[in-house]
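Just below is one structure, and these are the notes that go with it.
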Amino acid sequence: MTDAVLPPIAVLGAGSMGGAIVKGVAASGLASGVTVTNRTAAKADAMRLPGVTSVALEEDPEGNLDAAAAADVVLIGVKPAMVPDLLRRIAPRLRPGTIVVSIAAGVTIATFEQILGSGIPVVRSMPNTPALVGRGVTGIAAGSTATAAHVQTVRRLFETVGTVIEVPESQIDALSTISGSGPAYVFLLIEKLTDAAVGKGFERDAARLMAEQTFIGAAELLRASGEDPAELRRQVTSPNGTTERAIAVLQDAGLDGVFARATDAALARARELAAESGR
Ligand SMILES: NC(=O)c1ccc[n+]([C@@H]2O[C@H](COP(=O)([O-])OP(=O)(O)OC[C@H]3O[C@@H](n4cnc5c(N)ncnc54)[C@H](OP(=O)(O)O)[C@@H]3O)[C@@H](O)[C@H]2O)c1
């Protein structure tokens with residue numbers, strides 16, 4: 001095995017998010033073996049990709065246990081409420097040193113470590129939906145026994161679906177209010193710009209095209225130029241011109257503070273959910 005190759009991976013629960021990660025890993029050419037499990041045969045069929053072994057638990061009830069026992073990295077992709085039960089089932093079959101990776105929102109590293117014991121390094125992550133198109137932002141946080149090498153392996157795994165940022169676990173919820181929920185903020189802005197275009201008399205299809213392609217084009221310009229967004233904004237904003245008037249209205253409407261308030265509200269909700277679930 002070369003440094004570039006990822007160790008054998010099991011993804012237990014490959015739905016929207018787990019499935020996106022499996023697709024990224026499979027397409028990267030870095031996989032040395034990927035096994036995925038789902039409950040139903042329909043879901044398992046959707047995951048039959050080159051280099052991927054896809055197991056339906058309704059056909060092979062031991063599938064999770066066998067996949068977990070054979071892998072060096074086990075990614076837990078089921079819904080948060082199902083995580084503790086799945087961990088209790090696989091724990092006796094994990095080999096010491098197997099890295100367990102969580103994508104479950106709101107389930108703490110402590111919950112994982114308590115069930116899995118000290119011989120199993122844990123890395124908690126928070127991906128976002130652009131991972132589906134290889135443009136995700138994934139925050140990762142190391143558990144108490146995860147070494148720099150374990151974190152590096154998990155970083156390479158998530159880099160197959162985009163960008164990776166390492167943070168302490170105490171900041172995972174805060175990261176989630178930015179990059180986890182962030183795609184929804186962007187979609188809301190696109191909806192509102194579309195509505196403004198409709199208000200100016202454009203057909204909805206044309207309005208959507210204008211608003212959507214402007215967001216996509218601006219994001220692509222930002223990426224390709226490597227410029228600061230404030231500088232790119234200045235380039236569209238002639239002194240005393242039309243854009244300057246529009247930006248002044250947006251800033252007068254409190255845009256500066258509204259993202260801080262919105263993300264504070266998301267963070268407060270994450271804390272409420274954690275308190276309710278005891279996770
Ligand atoms: N979606 C997001 O935007 C997002 C973002 C960040 C984090 N996450 C996290 O990702 C996790 C999954 O969310 P999701 O949106 O991907 O949900 P999802 O689409 O429902 O995927 C969950 C998958 O788990 C399978 N499954 C259920 N029980 C299983 C078991 N015992 N063993 C193996 N597979 C099992 C399900 O298969 P069947 O349908 O066949 O039962 C389903 O395909 C959650 O913990 C969530 O917090 C999601």
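Whatever order the structure lists ligands and atoms in, that order sets their numbers, starting from 1.
Shown in contact with M82 at under 4.0 Å from a heavy atom are these atoms of ligand 1, numbered in order with element: 27 (C), 28 (N). Annotation for ligand 1: atoms under 4.0 Å from non-hydrogen atoms of P80 are 44 (C), 45 (O), 47 (O). Remark: ligand 1 atoms within the under-4.0 Å shell around heavy atoms of M126 are 6 (C). With ligand atoms numbered from 1 in the order given, ligand 1 contributes 33 (C), 34 (N) to contacts under 4.0 Å with heavy atoms of T37. Per-residue contacts place A14 under 4.0 angstrom from the following atoms of ligand 1 (heavy atoms of the residue considered): 43 (O).
Summary of contacts: the protein heavy atom closest to atom 48 (C) of ligand 1 is M17 CB, 3.8 Å. Here the heavy atom of the protein found nearest to atom 19 (O) of ligand 1 is S16 N, 2.9 Å. Atom 9 (C) of ligand 1 has I103 O, 3.1 Å as its closest protein atom, hydrogens excluded (heavy atom only). Regarding atom 27 (C) of ligand 1, its nearest protein heavy-atom neighbour is R39 NE, 3.4 Å. The protein heavy-atom contact nearest to atom 21 (O) of ligand 1 is G15 CA, 3.2 Å. Given atom 12 (C) of ligand 1, the protein heavy atom at minimum distance is G77 O, 3.1 Å. Closest protein heavy atom to atom 20 (O) of ligand 1: K79 CE, 3.4 Å. The nearest protein atom to atom 39 (O) of ligand 1, hydrogens excluded, is given as K43 NZ, 2.8 Å; this is a heavy-atom distance.
Salt bridge absent: R156 and E159 never bring a charged side-chain N and a carboxylate O closer than 4.0 Å. Checked for salt-bridge contact, R124 and D173 meet the test: a charged N lies under 4.0 Å from a carboxylate O. A salt bridge links R48 to D45: one of the charged nitrogens lies within less than 4.0 Å of a carboxylate oxygen. One finds no salt bridge joining D228 and R233 here, because no Lys/Arg side-chain nitrogen approaches an Asp/Glu carboxylate oxygen to under 4.0 Å.
In the candidate list N38, I76, T40, N38 is nearest to atom 43 (O) of ligand 1, counting heavy atoms. Between the choices P127, S179, A131, the shortest heavy-atom distance to atom 6 (C) of ligand 1 belongs to P127. Between A105, G136, S125, it is A105 that holds the heavy atom closest to atom 47 (O) of ligand 1. Checking V78, V11, V36 against atom 45 (O) of ligand 1, the nearest heavy atom belongs to V78.
Under 4.0 angstrom from ligand 1, there are no non-hydrogen atoms of N128. When non-hydrogen atoms are compared, ligand 1 lies under 4.0 Å from the side chain of N64 (C-beta onward) but not from its backbone. Contact annotation for A44 and ligand 1: no heavy atom of the residue comes within less than 4.0 Å of the ligand.
Two residues are said to be in side-chain contact when any heavy atoms from C-beta on lie closer than 4.5 Å; N64 and L86 meet this criterion. Contact check for T35 versus V11: no side-chain heavy atoms found under the 4.5 Å cut-off. Contact annotation: the side chain of I76 approaches that of I90 to within less than 4.5 Å [non-hydrogen atoms, C-beta and beyond].
Separation of atoms OG1 (T160) and CD1 (I21) is listed at 8.0 Å; rounding is to 0.5 Å. Note that CG of L65 is 5.5 Å distant from CZ of R93, once rounded to the nearest 0.5 Å. Atom CG of D195 is separated from atom CZ of R204 by 5.0 Å, given to the nearest 0.5 angstrom. Atom CZ of residue R155 and atom OG1 of residue T163 lie 9.5 Å apart, to the nearest 0.5 angstrom. Going from atom CD1 of I9 over to atom CG of L30 covers 9.0 Å, rounded to the nearest 0.5 Å.
The local environment of CZ in R88 is crowded, with over 12 non-hydrogen atoms from other residues, nucleotides or ligands closer than 6.0 Å.
When only interatomic distances are considered, the shortest N/O to N/O separation between T129 and ligand 1 does not fall below 3.5 Å.
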